[in-house]
Amino acid sequence: MPELAEVAWYARQWDAGLGQRVVAVRVREGARVYRGADALVLSKSLVGRVYEGVALHGKQMLFCFSGGGWLGVHLGMTGGLESAGPGGGGGRHDHLEVVMERVVLIFRDPRMFGRLIWEESEGEPGWWRELPPGVLTRGFRVDCVAEVLRRRSGTPLKALLLEQEFFPGIGNWMADEILWRLRLPPAVPAGGVDAGSLHREVRAVARGAMRTIGRDWSDPPAGWLFRHRWRDGGTCPRCGAGLVRETLRGRTACHCPGCQAA
DNA sequence: CATCATGTTATAAT
DNA sequence: CATTATAACATGAT
């Protein structure tokens, strides 16, 4: 389920290994998550390094190890991170297990849409530095949002919100939540949307998710669409109308036909 | 057994 | 070239 806040929560799970040295590494060679990295090189190179910290950017994570070792992690659709006591890991879908001095850091991903990147360099990897401004940073500005809405005026707003190039970290449920707060249907053309409102709601939803899911995996505040959108039969927490689920651009979109009229 | 899934990307079609 | 649709990826949940 990893969107921005879920990613943040997962990253914190590896805090258990902060300051510890890598004793051994187990990798599932050939797993699809290694399509962007050499599993053997990673396993050999990581040993002996100290886990120093993690940086987050949208759905991307960058774990920093001593001596200029950078582990990039994307959780895809079903990826997750956890820490376990010594002897932990070994699960069917545990593709990377980093054995630290006192804990084992685990990356698991049943569907393997996630990916790992390993790079050794003095500074942060180039791909990391080229990421667009995060939606909760000062670089995410109203005029940039306005520019995107203008350039992509014909694109359905829902589809635009899912583009990581413009709204990094926003995923399917957050996009639906933002549209619901704006009282706009998913298919509304981006061109007619007010940039200021969109900018505000994107940040409000991201911040709210970080304060709940990102903090302790608790549900977002009562009254959010989040709690009602997952299955058929849900009702709008604002007006009580039955929620509609339909496919837009290959993804499920859930909206309230009452509040979010065309 | 059939359908669907909180993501991304390659390819085909328009 | 720009945009959109579709399939693919691999597995688990319903």
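Protein chains get the first letters and strands the later ones, always in sequence-line order, with residue 1 at the start of each.
Taking atom CE of A/Met77 as the reference point, atom P of B/dT6 lies 5 Å away to the nearest angstrom. Note: CD (A/Gln164) to C1' (B/dG7) measures 8 Å, nearest angstrom. Rounded to an integer number of Å, the gap from CD1 of A/Ile178 to P of B/dT6 is 15 Å. Atom CG of A/Leu116 and atom P of B/dG7 are 18 Å apart (whole Å). Remark: C1' of B/dA5 and CG of A/Asp109 are 13 Å apart, rounded to the nearest angstrom. Remark: C1' of B/dT6 and CZ of A/Arg227 are 17 Å apart, rounded to the nearest angstrom. Atom CG in A/Leu248 sits roughly 17 Å away from atom C1' in B/dC4 (whole-Å rounding). The interatomic distance linking A/Arg251 (CZ) with B/dT3 (P) rounds to 20 Å, in whole Å.
Residues of residues 197-204 of chain A having a heavy atom closer than 4.0 Å to DNA chain C: none are found.
Nearest heavy atom pair, residue A/Met112 against residue A/Arg32, reads O-NH1, 3.3 Å.
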### Summary
Per-residue pairing states of DNA chain B in dot-bracket (Watson-Crick or G-U under 3.5 Å; . unpaired, | other strand) read .||||.||||||||

### Query
How does protein reach along nucleotides 9-14 of chain B, written 5' to 3' as B (base within reach of a heavy atom under 4.0 Å), S (only sugar-phosphate), or - (no contact)?
------

### Task
Assign a letter to each nucleotide of nucleotides 4-14 of chain C from its 5' end: B, base within under 4.0 Å of a protein heavy atom; S, sugar-phosphate only; -, no contact.
SS---BBBS--

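In this view, A/Ala209 and A/Ala5, A/Trp173, A/Met174 satisfy the side chain to side chain contact (heavy atoms under 4.5 Å, CB included) rule, not counting sequence neighbours. For the side chain to side chain contact (heavy atoms under 4.5 Å, CB included) test, residues two or more places apart in sequence or in another chain that qualify with A/Ala195 are A/Val142, A/Val145, A/Ala146, A/Leu149. Scanning for side chain to side chain contact (heavy atoms under 4.5 Å, CB included) contacts around A/Ser45 gives A/Arg49, A/Trp118, A/Glu120, with sequence neighbours left out.
Taking atom P in both C/dA13 and B/dT8, one finds a spacing of 22 Å when rounded to whole Å. B/dT9 sits 24 Å from C/dG12 when the P atoms are compared, rounded to a whole Å.
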Show which side-chain atoms of residues 68-76 of chain A pair as donor or acceptor with protein atoms under 3.5 Å away, not counting sequence neighbours.
from: A/Trp70; atom 1: NE1; to: A/Ser121; atom 2: O; distance (Å): 2.9
from: A/Trp70; atom 1: NE1; to: A/Ser121; atom 2: OG; distance (Å): 3.4
from: A/Trp70; atom 1: NE1; to: A/Gly123; atom 2: O; distance (Å): 3.1
from: A/His74; atom 1: ND1; to: A/Gly76; atom 2: N; distance (Å): 2.9

Please tabulate, one pair per line, all N/O donor-acceptor pairs under 3.5 Å involving side-chain atoms of residues 50-67 of chain A, not counting sequence neighbours.
from: A/His57; atom 1: NE2; to: A/Pro132; atom 2: O; distance (Å): 2.5
from: A/Lys59; atom 1: NZ; to: A/Ile170; atom 2: O; distance (Å): 3.3
from: A/Ser66; atom 1: OG; to: A/Val50; atom 2: N; distance (Å): 2.7

Would you give me the side-chain donor-acceptor pairs under 3.5 Å for residues 255-262 of chain A, sequence neighbours excluded?
from: A/Gln260; atom 1: OE1; to: A/Cys256; atom 2: N; distance (Å): 2.7
from: A/Gln260; atom 1: NE2; to: A/Leu179; atom 2: O; distance (Å): 3.4
from: A/Gln260; atom 1: NE2; to: A/Leu184; atom 2: O; distance (Å): 2.9

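Both cation-pi conditions hold for A/Arg181 and A/Trp224: the charged atom is under 6.0 angstrom from the six-membered ring centre and inside a 45 degree cone around its axis.
Listed by first and then second residue, the side-chain hydrogen bond (donor to acceptor under 3.5 Å, both in side chains) pairs involving residues 81-109 of chain A are A/Arg26-A/Glu97, A/Arg28-A/His95, A/Thr78-A/Asp109, A/Glu82-A/Arg108 (not counting sequence neighbours).
Here the rule is salt bridge (Lys or Arg N to Asp or Glu O under 4.0 Å) with A/Glu163, and of A/Lys158, A/Arg152, A/Arg151 only A/Arg152 fits it.
Ring centroids of A/Trp230 and A/Phe226 are separated by less than 6.0 Å, placing the two rings close together.
Proximity of A/Lys59 to the phosphate of B/dT8: a side-chain N or O atom is located under 4.0 Å from OP1 or OP2.
Through chains of ILVMFWY side-chain contacts below 4.5 Å, A/Trp180 is grouped with A/Leu225, A/Leu243.
Residues A/Val25 and A/Val99 form no side-chain contact, since every pair of their non-hydrogen atoms from C-beta on lies 4.5 Å or further apart.
In the hydrophobic clustering of ILVMFWY residues, with side-chain heavy atoms under 4.5 Å counting as a link, A/Leu198 and A/Leu162 come out apart.
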